[in-house]
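The structure under discussion appears below in the form of structure tokens.
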There are 2 protein chains.
Amino acid sequence: MGLSHAILVCLSEEPLTGYDLAKKFESSVGFFWHATHQQIYLELRRLSTAGAIAGRAQPQSRRPAKTIYELTDTGRAQIRAWSRNWADPPAIKDDILLRLYDLADIDRSKLVEHLTRRREMHAERLALYEKILSRKFADPERLGASGIGRYLALDIGMRSERMRLEWCADALKLLDIAE
Amino acid sequence: MGLSHAILVCLSEEPLTGYDLAKKFESSVGFFWHATHQQIYLELRRLSTAGAIAGRAQPQSRRPAKTIYELTDTGRAQIRAWSRNWADPPAIKDDILLRLYDLADIDRSKLVEHLTRRREMHAERLALYEKILSRKFADPERLGASGIGRYLALDIGMRSERMRLEWCADALKLLDIAE
DNA sequence: GGCTCCATGTAAGTTGTTACATGATTCA
DNA sequence: TGAATCATGTAACAACTTACATGGAGCC
């Protein structure tokens, strides 16, 4: 199961609450692993009863109480074991390619609209990643071990956005001349 | 739901049996939409009772009987309606990026092994796509409307493999010098 | 005699999505 | 005064995975 590993990896960096994790899954880690808060809270309870993580309840004044989870030694051992396993490259499921497959039967102008919007989204994403790069990885020589990994994750994110951006542009060109 | 559309799109090309569809989902369409035969047979029954497709039973000598499904007018209308909807870019869920995120805590030599294997897989995939390209799309000028769509789907597949291939190579280089 | 291809299914379990719910605090 | 943030959950459903099952045909 992927989500459990994603959570363990996050917690290996620092102890977090379910709420914090949910936020993380909407930005940094979320760039390559998506999860909702419902999934996260459920999984936290599972990992907790399995002994991979431990939660400390922390009452707060003026705020609902929260539970901060951290890795146990068992959890740490689990990550190490998991990291040795082979991971199949992810399968792509992209609706827009499905539409292209049947181009003859489909509303052409809508497709152009969608491709244009996607091109913009990829450009925005790319700009965001570049901003993160310049802020956090300005000096790649001085990155620590975990820094390199995060740099590489960001790097493939950028390459992916750039590739899709270019493809959208070329697809639009081709659709235009093949009118 | 995605699978139903994937099936409808396949059937818009030609009538097929569940078995044929399952094969298609392991090669051509399978490059951007994966499904097992169990899912497919279930979905075919659903689509059939919903009236989007119709199956003709065809008894065979020396072979088990088969059911050939084809689109109904309702089904065709459904595709057209669906094709106008916006499709969010696919979310990536890649285990290997998860591992990178936590590089400090992880078995480095195993990671190198995995990246090397992945690089090979991407190279193989790319070669396969290039072969398909030269066989089926040798002359892109003369493609019909549906041909362009399929060409573009193949094109993004090739770009994707090439991008990942290069990323693997660069990641291996970086991990090597950052030893 | 075993392997792959044809052709279709059931059943159980896991994962992911969507809708709904609560309730206080802080900021504009 | 209303929206966003903090913090956590239940419930129903949809989608996907994995294991198991059947049985003949043709090939090496």
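Protein chains get the first letters and strands the later ones, always in sequence-line order, with residue 1 at the start of each.
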Checklist entry - Within this structure, what is the NZ-to-C1' distance between Lys24(A) and dT5(D), rounded to whole angstrom? => result 19 Å
Next on the checklist: What is the separation between atom CE on Met1(A) and atom P on dC16(D), rounded to the nearest whole Å?
Outcome noted: 18 Å
Checklist entry - Hey, is the side chain of Tyr19(A) poking within less than 4.0 Å of OP1 or OP2 on dC6(D), counting only N and O atoms? => result yes
Next on the checklist: OP1 or OP2 of dC6(D) versus the side-chain N and O atoms of Thr17(A): is any pair under 4.0 Å?
Outcome noted: no
Next on the checklist: Whether Gln39(A) contacts dT17(C) is assessed here as follows: a side-chain N or O lying under 4.0 Å from the phosphate OP1 or OP2. Is that the case?
Outcome noted: yes
Item to check | Working for side chain to side chain donor-acceptor pair (under 3.5 Å), residues Asp107(B) and Ser109(B) | outcome: CA-CA 6 Å; Asp107(B) 187 330; Ser109(B) 65; 3.1 Å; yes
Item to check | Parallel, tilted or perpendicular: ring planes of His114(B) versus Trp86(A), cut at 30 and 60 degrees | outcome: perpendicular
Checklist outcome for this item: Atom CG of Leu3(A) and atom P of dG16(C) are separated, to the nearest Å, by 6 Å
Next on the checklist: Given dG16(C), dA7(C), dT17(C), identify the nucleotide with an atom nearest to the side chain of Lys66(B).
Outcome noted: dA7(C)
Next on the checklist: Does the structure place the NZ or CZ of Arg162(A) under 6.0 Å from the centre of the six-membered ring of Trp167(A), at an angle of no more than 45° from the ring's axis?
Outcome noted: no
Checklist entry - Touch check for Gln60(A), heavy atoms < 4.0 angstrom, all strands: base, sugar-phosphate only, or nothing? => result sugar-phosphate
Checklist entry - To the side chain of His37(B), which of dT8(D), dT15(C), dG9(C) is closest? => result dG9(C)
Checklist entry - For Ile68(B) and dC6(C), what is the distance between atoms CD1 and P respectively, to the nearest whole Å? => result 14 Å
Next on the checklist: What is the separation between atom CG on Leu42(B) and atom P on dT8(C), rounded to the nearest whole Å?
Outcome noted: 14 Å
Checklist entry - DNA chain C: Asp20(B) or Arg45(B), which has the more 5' nearest nucleotide? => result Asp20(B)
Checklist entry - Would you say dC5(C) has OP1 or OP2 under 4.0 Å from some side-chain N or O of Lys23(B)? => result no
Item to check | OP1 or OP2 of dT8(C) under 4.0 Å from side-chain N/O of Tyr41(B) | outcome: yes
Checklist entry - Salt-bridged, Glu13(A) to Lys24(A), with N to O below 4.0 Å? => result yes
Checklist entry - Just how far, in rounded Å, is P of dT10(D) from CZ of Arg46(A)? => result 12 Å
Item to check | Separation of dT15(C) C1' from Asp95(B) CG (nearest whole Å) | outcome: 14 Å
Item to check | Closest nucleotide among dT18(D), dA7(D), dG16(C) to the Thr36(B) side chain | outcome: dT18(D)
Checklist outcome for this item: Atom CD of Glu26(B) and atom P of dT17(D) are separated, to the nearest Å, by 13 Å
Next on the checklist: What contact category does Ala35(B) fall into here, base, sugar-phosphate, or nothing, at under 4.0 angstrom with non-hydrogen atoms?
Outcome noted: nothing
Item to check | Nucleotide of dG16(C), dA11(D), dT8(C) approaching Gln38(A) most closely (side-chain heavy atoms) | outcome: dA11(D)
Item to check | Electrostatic pair Arg150(A):Asp102(B) at N-O distance under 4.0 angstrom | outcome: no
